[in-house]
There are 2 protein chains.
Amino acid sequence: MDENQNPSPRARRKEDARERILQAARRIVLDEGFAALTMRRIAQQAGYSPAALYLHFECREAIARELGEAGMRSLHARLSEAGCEADPLARLRALSRAYVQFAREEPETYRLIFMEPGFAASALGGKDETGAAAFALLAGVFAELAAARRLRAGAQPESLATGLWVLLHGLASLKITCSAFLSAPEEELLAGMLDNLLHGVLRAAPES
Amino acid sequence: MDENQNPSPRARRKEDARERILQAARRIVLDEGFAALTMRRIAQQAGYSPAALYLHFECREAIARELGEAGMRSLHARLSEAGCEADPLARLRALSRAYVQFAREEPETYRLIFMEPGFAASALGGKDETGAAAFALLAGVFAELAAARRLRAGAQPESLATGLWVLLHGLASLKITCSAFLSAPEEELLAGMLDNLLHGVLRAAPES
DNA sequence: TTTAGTTTATGAACATCGTTCAGTGAACAG
DNA sequence: CTGTTCACTGAACGATGTTCATAAACTAAA
C-alpha cells in the first residue's frame, strides 16, 4: 500500500490531525495526570469536537495505548543513551538510574505504560518490539558478564535480567503509588539494592 | 465515647448495613475486578438504593479505602502465619512466598491496596498500623540476622527490608499488569532472586 | 466550471457513572 | 398517642465514553 511514497494532502492532513490529538493527550497526561485524560478534554485541547476524535481513533483506550507506546519508545531512548557505557557494571548502574529517573520525571507516563490494566500486557508480552529492545539492553549486561565468566556458577543471565527489571519496576512503582513509604532517597536505595545484587551474583569482588 | 459498651439496636443495624455493603463490595472486587466496583453495582448487590450507600459511607473512595484496609489486614494475617518459622532464612522465604501468593490469589485486592492512586500512600505512609506491622515482619528477619552477625559489613537491616519489599512488590505487580512478560514461573523467579539477595547479603555461605 | 462523491467535522443524543436532595415511611422518645 | 429522628428511596444534575444523522469541505470526474 502507499506507505509514505505519495503523501496526498488528504493523508497528510489526516496524519496531522492524529498527531495533534496525540500531542494534546500527551500534554494532558503530563500536566494533569492520566486520570484527567478525557475525550472531551482531549478534544478541547486539540481544538476539535469530542466526536471528531473517533474519526482518528477507535476509542479512548486506543489513544491511551498509542500514548503508552510512545512512552515506551521514550523510555527505550533513555535506556539506549545510558547503554553506551562500555563497562558492563557501570552500564548496569547507568541503565538502572535512567529507568527510575524516567519513572520519577514522568510518573503518569510510567503509570500508563506499566500500571494500568491492559497496556503493559500488550506492550511487553505481545509483539511490541520496543519493549523487547528495552529489555534486551538489560539482558545484554548480564550476557556480557556471563561471556566474561564473571557470574557465579548457576547464575542464568536471562533470569538475572528479569530480576533486575522486577527490582527496578518495584522501586519505580512504589515510588509512584506509595512515595511516603520509601523513607530513604530512591537513588540511595537503588544503589544499595544493586550492590546487594552484584555481591550475590558476581564471582570475584569487584570494587565500585 | 460508647465504643461498644451499649450496642443499641439502632447502632447495631447501622453497623450491619455497613458490613453488608462492604461485603457486597468485596465480592464485586473479587469476582469482577476493581474496575467493576460501581456504586450502583454495590447497591444492587447489597439490596439497597444507590443513594443509601451515602448514609453509611462518604463516597465511593471511602468504600474502596476500607476495602483496601481490610485487604491489608488479610495480607498481614497471611504474613503473620508465615512469620512463625523460627529460622530467619526459612522465615524470609516463607514470608516472601506468602506475599506473592496473596497477590496471585487476590490480584484485584492487591491492585486496590498498592497500585491504585491514593490508597497505598495513606495505608503505608500514613498512620495505618497494619501496614507498618506487615513491614515489621520483614524487617524482623534482617534485624535478627544482624543481631546474629550474619549480615555482611555495612548492610543496614532497614534498607534490606525495604529492598525486599521492593522486590516482592515488583514481582507481584508485574505479574498482575504484565503477566505475559514474566516467562518463568514466579515461584522460580522469586527463589532465584532471594538466593541472589542472600548471597549478596549474608556473611558466610549458608546452604539453603 | 459544474457535478457527484468521499472525507471530515459537528451537535444532539443515549447509557452509565458518582453524587445530591426533597420527600416518605418506619422506628424511636416523651 | 404524638412529635422527632432516622433509614431509605426516586428523581435529578453534571460528567463520562460513544454513536448517529447531518452539514460543510475537499476531491475527482464531467
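Reminder, nothing fancy here: chain letters follow the sequence lines and each chain counts from 1. Everything quoted here is computed from the prediction, not taken from an experiment.
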Notebook entry, point to check: What's the CZ-C1' distance between Arg12(B) and dC6(D), to the nearest Å?
Noted result: 17 Å

Notebook entry, point to check: Which whole-number value in Å describes the distance from Lys14(B) NZ to dT5(D) P?
Noted result: 16 Å

Next item on the list: Before accepting this row, confirm whether a basic side-chain N of the pair Arg12(A)/Asp16(A) lies closer than 4.0 Å to the acidic partner's carboxylate O.
Entry: yes

Checklist line | Sequence-aligned protein contact record of nucleotides 20-30 of chain C, with B where the base is within under 4.0 Å of a protein heavy atom and S where only the sugar-phosphate is | finding: BB-----SS--

Next item on the list: Indicate whether any N or O donor in one side chain lies under 3.5 Å from an N or O acceptor in the other, for Gln23(A) and Arg26(A).
Entry: yes

Check: Considering only side-chain heavy atoms of Arg60(A), which listed nucleotide, dC8(D), dG17(D), dA9(C), is closest?
Finding: dG17(D)

Note to self: For the aromatic rings, using the six-membered ring if either is Trp, is the centroid distance between Tyr110(A) and Tyr99(A) under 6.0 Å?
What the structure shows: yes

Next item on the list: Could you tell me the separation between the NE2 atom of His56(A) and the P atom of dT18(D), rounded to a whole number of Å?
Entry: 16 Å

Note to self: With rounding to the nearest 0.5 angstrom, report the CD to CG distance, Glu144(A) to Leu89(A).
What the structure shows: 10.0 Å

Check: Between CZ of Phe34(B) and CD1 of Ile113(B), what distance do you get to the nearest 0.5 Å?
Finding: 11.5 Å

Notebook entry, point to check: Could you give the OH-to-P distance, from Tyr48(B) to dC8(D), as a whole number of Å?
Noted result: 4 Å

Next item on the list: Among Arg104(B), Glu108(B), Met115(B), find the residue that satisfies the side chain to side chain contact (heavy atoms under 4.5 Å, CB included) test when tested with Ile176(B).
Entry: Met115(B)

Check: Between the side chain of Thr162(B) and the main-chain N/O of Glu158(B), is any donor-acceptor distance below 3.5 Å?
Finding: yes

Next item on the list: Round to the nearest Å and state the distance from Glu15(B) atom CD to dA7(D) atom C1'.
Entry: 15 Å

Next item on the list: Could you tell me, to 10°, how much the axis swings from one end of the helix from dT1(C)-dA30(D) to dG30(C)-dC1(D) to the other, five pairs per end?
Entry: 10°

Check: Taking C-beta and beyond as the side chain, do Ile42(A) and Arg60(A) meet within less than 4.5 Å on heavy atoms?
Finding: no

Notebook entry, point to check: To the nearest angstrom, how far is Ile63(A) atom CD1 from dT18(D) atom C1'?
Noted result: 12 Å

Next item on the list: Decide if atom CD of Glu81(A) counts as having more than 12 heavy atoms of other residues, nucleotides or ligands within a radius under 6.0 Å.
Entry: no

Checklist line | Length of the CD-C1' vector between Glu61(A) and dT16(D), whole Å | finding: 15 Å

Next item on the list: Find out whether the Lys NZ or Arg CZ of Arg73(A) is both under 6.0 angstrom from the six-membered ring centre of Phe102(A) and within 45° of the ring's axis.
Entry: no

Checklist line | Gap between atoms CG and C1', on Asp16(A) and dA9(C) respectively (whole Å) | finding: 16 Å

Notebook entry, point to check: When the nearest nucleotide of DNA chain C is assigned to Leu53(A) and to Cys59(B) on a heavy-atom basis, which residue is associated with the more 5' position?
Noted result: Leu53(A)

Margin query: Looking at Glu105(A) and Arg78(A), is there a salt bridge between them, counting it only when a charged N and a carboxylate O are closer than 4.0 Å?
Written below: yes

Check: Among residues 33-45 of chain B, which residues get a heavy atom nearer than 4.0 Å to DNA chain C?
Finding: Leu37(B), Thr38(B), Met39(B), Arg40(B)

